[in-house]
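Keep in mind it's a predicted model, so treat the numbers as computed, not measured. Ligands are counted one by one from 1 in listed order, and the atoms in each one are counted from 1 as well.
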Amino acid sequence: MSLTFTPVIGIEVHIQLKTKSKVFCKCGTDYTNDPPNSHVCPVCMGLPGSLPVLNRSVVQQGMLAGLALNCHILPTTFFFRKSYYYPDLPKGFQITQSDLPIAAEGWLEIHDDAGKLKKIRINRLHLEEDVGKLHHSTTDGRLEGASTSFVDYNRSGLPLAEIVSEPDVSSAREAVEYVTSLRRRVRYSGASDVDLEKGMMRFDANVSVKCSDGRWGKRSEVKNMNSFRALERAIEYEIKRQSKILADGGEVSQETRHWNDAKGVTTGMRVKEFYRKFIVEPDLPPLVVSSHWVDETRARLPEMPIERAARYEKDMGLSETDAAVLTDSIDVARYFEDTVKSGANPQRAGNWVRTEVLRFVNEKQISVDDLTVKPASLAELLARVESGKLSTTQAKGVFEEMLTGLSIEDAIKKTGAVEGGVGAGALLVLVKSILAANPDVVEEIKSGKDTKGKKVKFLQGLIMREAKGQAKPDEAASAIEAALKDE
Ligand code: ADP
Ligand code: MG
Ligand code: ZN
């Protein structure tokens, strides 16, 4: 009998909490265009004698993220010193809550590989500080072979939350859905911008494989994945590698492994250390949060994407796809909802935001909040489509002009769109001239040979073309009918 292998995967995600200053000092967190080591002080440089002071907004943001992930908040927690020596950590220890965290026992819902809903339990969310960044003089940026290395402490002391899942993930695809959903919910909460390119979200994957003969390999912790795609590939690679070892009768050892994206392989880094190297941080008091503060934070949490999408489907009659796209980010969801609140038909507004608005926003790489067309103006435009004053094609042209900053009236003038289309009288004249130019077609229709209505469709097409998008199909069809009766 052939052996089968079942992956067991746990994910650790680090997110950078969104605050103005670092976690234990007053240094700013935004150093985007600033030189290395320009946002540092004795505390985040780890100079002897400096004392950490906990930033209240870090706690606030950590709670917000925890609640967004269905965790409960622990009223009293501690900070520890996790000791290790490396140049990116000048103090010689990292301050972390580790497994006495501010938030615990959460969960996220994803779809398993068969499409069924499945819960991934979250063990905890704990607060900690980030470390500095090393720059090695090698072309690939790796330590091996570098003659010089530089350290930049701008990152040192940035506020992080580590979110540790239970080993409930069963495939690389599930892992990607898990981190995608986690990212979306955290971004909704406002706890972090979770920008992958800016290193605001990083993940490690713990992978082990169970064999159908009962053997269960040790887990490896895979690091250095910089994108969702890399996470997926690294896990797939690890599952294959470990399954092969077990299939060959070997043993998988517990270790930390490094994902090499260019080569598409993981390589061993160091054997995992088992001793606990934590002591309580004596310079920080226990962290106590009142139930009042927790309630206040919970009240600030916006409606989450899944619940919001369900509401769009149920109350507004949107399709599942439209609802999912519109709720992917909270600013788009709010833009859409404000358009509806300004009186737009939800389905029309949903469709419009999903296509016209998002196309423009994605193309220009801007946020919907920066659009010159505010929800109220979009609603006004859509109202004119609804009442038949503008055809959809005309409205699209008008919208383009509005995006350049024109008012709806000026945009209508500029595109030359005639409100109310070609007008009933003008339409009849147009239809008559087209019928006159196609006597053979008219004859066929009148003699009853056009049973499938193909010829009527043909005439309709001609009319639409002549009217240059300003006639509506059903109006054209009834005008044909009227004109034929007149003949
Ligand atoms: P560590 O200090 O080793 O990082 P953590 O508790 O922070 O320990 O993280 C352990 C991670 O490993 C969790 O995400 C957990 O779900 C995962 N894990 C635990 N057991 C297994 C296993 N047998 N196979 C795969 N992942 C596992
Ligand atoms: Mg860990
Ligand atoms: Zn500092």
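When each of Gln254, Arg257, Gln242 is tested with Ser220 by the rule side-chain hydrogen bond (donor to acceptor under 3.5 Å, both in side chains), just one qualifies, namely Gln242.
Residue-level proximity to ligand 1 for Glu166 is carried by the backbone, the only part with a heavy atom below 4.0 angstrom. Proximity of His126 to ligand 1, defined as any heavy-atom pair under 4.0 Å, is not found for any part of the residue. With a heavy-atom cut-off of 4.0 Å, Val8 touches ligand 1 through backbone and side chain alike. Of the heavy atoms in Ile11, only backbone atoms (N, CA, C, O) come closer than 4.0 Å to ligand 1.
For the residues Val13, Asp204, Ile9, Asn206, the heavy atom positioned nearest atom 17 (C) of ligand 1 is part of Asn206. Selection from Glu221, Lys210, Arg124 by nearest heavy atom to atom 7 (O) of ligand 1 gives Arg124. Of the candidates Arg219, Gln254, Lys218, it is Arg219 that places a heavy atom closest to atom 19 (C) of ligand 1. When Ser220, Ser165, Pro7 are checked for heavy-atom proximity to atom 13 (C) of ligand 1, Ser165 turns out nearest.
The pair Arg348-Glu386 counts as a salt bridge, with a side-chain nitrogen and a carboxylate oxygen less than 4.0 angstrom apart. Looking at Arg81 and Glu281, a side-chain N of the basic residue comes within less than 4.0 Å of a carboxylate O on the acidic one, giving a salt bridge. Residues Lys223 and Glu221 are paired through a salt bridge, judged by an N-O separation under 4.0 Å between the basic side chain and the carboxylate. Ion pair Lys198/Asp193 not flagged as a salt bridge, since none of the NZ, NE, NH1 or NH2 atoms sits closer than 4.0 Å to an Asp/Glu carboxylate oxygen. Salt-bridge annotation for Glu363 and Arg359: absent, with no side-chain N of the basic residue lying under 4.0 Å from a carboxylate O of the acidic one. Using a cutoff of 4.0 Å between basic side-chain nitrogens and carboxylate oxygens, Glu105 and Arg124 are not scored as salt-bridged.
Between Pro167 and ligand 1, a contact under 3.5 Å exists for at least one N or O pair.
For the side chain to side chain donor-acceptor pair (under 3.5 Å) test, residues two or more places apart in sequence or in another chain that qualify with Arg155 are Tyr31, Asp130. For Glu166, the side chain to side chain donor-acceptor pair (under 3.5 Å) partners are Asn123, not counting sequence neighbours. For Asn37, there are no side chain to side chain donor-acceptor pair (under 3.5 Å) partners two or more places apart in sequence or in a different chain.
Applying the 4.0 Å criterion to heavy atoms of Ser208 picks out, from ligand 1, the atoms 22 (C), 23 (N), 24 (N), 25 (C). Near Val164, meaning under 4.0 Å from any of its heavy atoms, are these atoms of ligand 1: 9 (O), 13 (C), 14 (O).
In this structure, the side chain of Glu238 does not engage the main chain of Val207 through any donor-acceptor pair within 3.5 Å.
Only protein N, O or S atoms were scored, and 4 of them lie under 2.8 Å from the Zn ion (ligand 3).
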